[in-house]
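Here's the structure, in structure tokens; my notes come after.
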Amino acid sequence: KFGWGTAVVTAGLQAKIDVLAANEIGFYFGGTLFEKYVLQGRFDDYRKFCDAWSCRHVEVSNGTITLSNSEKASYIRKLTDDFTVISEVGYKDPGRSEQLPPRIWAEYIAEDLAAGASLVTLEARESGRSGICRPDGALRFGLVEDVLASGLGQDSLLFEAPSTTLQAYFVTRLGPDVNLGNVPAPGVIGLETLRLGLRAELTLQHSHTDLVLLERRTSAAEPGIELHEGPVHRLLHRLQHEEPARGPSRRLQRVRFLG
């Protein structure tokens, strides 16, 4: 994600997109950029901007501008035929977010999903002080629990979690595969250790998990290593279904169990 409007001023944007494409990683521009185009009455120009950069994912939000959730959902419907849509619920302003009761959060999320959103982001901002968080940074636990109890599928939710404290909570509460966003670049490796139970906060919770190194030959001189995290039966199922499709250059060489 190229946050808020940074794509407009980021140097070397095409080079960064090329790196993502080479690694088969999709990208999208921040919802604030979408809102800016809508505010200016230039929605069609926003589509053209995304097309010009070969962007196949878009974020649709109303965290800053005055736009009802129903209007936001209409934009989602307009975009779903050509893009994978990620929507966002919650406001940038902490006061507005706190006035949004949990029931309405759940209704808005459901409306976005029904309109065609593939994933709905629950706002917290880069500061972790709005949306699902209070102005002092504390998580709104009741809100999160009410959203989860509403019947919405966890896989369709993405929780913004810029701090280690928030990340540790969601990994503990919802498991290592929970969708998390607004993770600062320097914190990506730290988050992965949380997911794997390799950090103090979650070591005991993940004591049941097997860590397996899959060593593959990526070239004659350089072996590649993949890390599998999870029960061994999941690994066996994965190898049974994926391994036959791999060519000789990616053949499994050795399996090592860790821990």
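Every heavy atom of this structure was used, including side-chain atoms; hydrogens, water molecules and symmetry mates were not. We count residues from 1, following the sequence as given.
- Residues Thr121 and Glu160 bring no donor and acceptor atom of their side chains to less than 3.5 Å of each other.
- Using modelled atom types, no side-chain atom of Asn23 and backbone atom of Ile25 make a donor-acceptor pair closer than 3.5 Å.
- Phe29 pairs in a ring pair (Phe, Tyr, Trp, His ring centres under 6.0 Å) with only one of the listed residues (Phe83, Phe34, Tyr46, Phe49), which is Phe49.
- The aromatic rings of Phe170 and Phe159 lie parallel to each other, their planes meeting at an angle below 30°, with 60° marking the opposite boundary.
- For the pair Ile104/Tyr108, a side-chain contact is recorded, criterion being any heavy-atom separation below 4.5 Å from C-beta on.
- In terms of heavy atoms, Leu67 sits closest to Ser61 at CD2-O, 4.1 Å.
- Distance alone, capped at 3.5 Å, is enough to place a donor-acceptor pair between the Gln154 side chain and the Leu174 backbone.
- Counting only heavy atoms from C-beta outward, the side chains of Val178 and Arg195 approach each other to under 4.5 Å.
- Between the OG1 atom of Thr164 and the CD atom of Gln167 there is a distance of 5.0 Å, given to the nearest 0.5 Å.
- Nearest heavy atom pair, residue Asp146 against residue Pro102, reads OD2-CB, 3.4 Å.
- Note that CG of Leu180 and CG of Asp177 are 10.5 Å apart. Values are rounded to the nearest 0.5 Å.
- Minimum interatomic distance between Ala73 and Ala115 (heavy atoms only, all atoms of both residues): O-CB, 3.6 Å.
- One hydrophobic cluster holds both Ile65 and Val85 under the rule that ILVMFWY side chains link at heavy-atom gaps under 4.5 Å.
- Of the listed residues (Asp112, Leu79, Ile109), just one forms a side-chain contact (heavy atoms from CB on, under 4.5 Å) with Ser87, and that residue is Asp112.
- For Glu123 (side chain) and Arg125 (main-chain N/O), a donor-acceptor pair under 3.5 Å exists by modelled atom type.
- No donor-acceptor pair closer than 3.5 Å links the side chain of Glu88 to the backbone N or O of Glu59.
- Checked by atom type and distance alone, the side chain of Ser130 pairs as donor or acceptor with a backbone atom of Lys92 at under 3.5 Å.
- Leu119 and Leu33 fall into different hydrophobic clusters, where Ile, Leu, Val, Met, Phe, Trp and Tyr side chains are chained together by heavy-atom contacts under 4.5 Å.
- Note that CD1 of Ile132 and CG of Leu100 are 12.5 Å apart. Values are rounded to the nearest 0.5 Å.
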Handout entry: Stepwise side chain to side chain contact (heavy atoms under 4.5 Å, CB included) test for Lys48 and Asp51
Key = CA-CA 5 Å; Lys48 293 175 183 176; Asp51 285 334; 5.5 Å; no

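- Of all the heavy atoms in Pro162 and Ser127, the pair that sits closest is CG-C, 4.3 Å.
- Counting only distance, with no hydrogens or angles, the side chain of Asn179 and the backbone of Leu157 share a donor-acceptor pair below 3.5 Å.
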Practice task
Go through the steps for Thr84 and Arg56 under the test side chain to side chain contact (heavy atoms under 4.5 Å, CB included), then give the verdict.
Solution key: CA-CA 6 Å; Thr84 298; Arg56 305 322 313 156; 5.8 Å; no

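- Counting heavy-atom neighbours within 6.0 Å of Lys36 NZ, excluding the residue itself, gives a total of 12 or less.
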Exercise for the section: Just do the salt bridge (charged side-chain N to carboxylate O under 4.0 Å, His left out) check on Glu98 and Arg140 with the steps written out, would you? Expected result: CA-CA 9 Å; Glu98 282 206 292; Arg140 297 172 63 184; 5.2 Å; no

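- By the 6.0 Å and 45° rule, Lys72 does not stack over the aromatic ring of Tyr75.
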Exercise for the section: Give the intermediate values and the outcome of salt bridge (charged side-chain N to carboxylate O under 4.0 Å, His left out) for residues Asp45 and Arg42. Expected result: CA-CA 5 Å; Asp45 288 338; Arg42 300 171 56 209; 3.1 Å; yes

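- Here the closest heavy-atom approach between residue Thr172 and residue Ala168 is recorded as OG1-O, 2.7 Å.
- Atom NZ of Lys16 sits about 11.0 Å away from atom CH2 of Trp53, to the nearest 0.5 Å.
- Separating the CD1 atom in Ile76 from the CD atom in Glu71 is a distance of 12.5 Å, to the nearest 0.5 Å.
- Side-chain atoms of Arg103 do not come within 3.5 Å of backbone N or O of Val147 as any donor-acceptor pair.
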Practice task
For Ile86 and His57, run side chain to side chain contact (heavy atoms under 4.5 Å, CB included): C-alpha distance rounded to whole Å, both residues' side-chain angles, the deciding distance at 0.1 Å, then the answer.
Solution key: CA-CA 7 Å; Ile86 298 95; His57 299 71; 4.1 Å; yes

Practice task
Dump the intermediate steps for side chain to side chain contact (heavy atoms under 4.5 Å, CB included) on Ile17 and Ser54, then the final yes or no.
Solution key: CA-CA 9 Å; Ile17 291 174; Ser54 299; 5.9 Å; no

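- Leu143 approaches Gly131 most closely through the heavy-atom pair CD2-O, 4.2 Å.
- Atom CZ of Phe2 and atom CG of Leu13 lie 5.0 Å apart (nearest 0.5 Å).
- Using a 4.5 Å heavy-atom threshold, the side chains of Glu192 and Ile189 count as separate.
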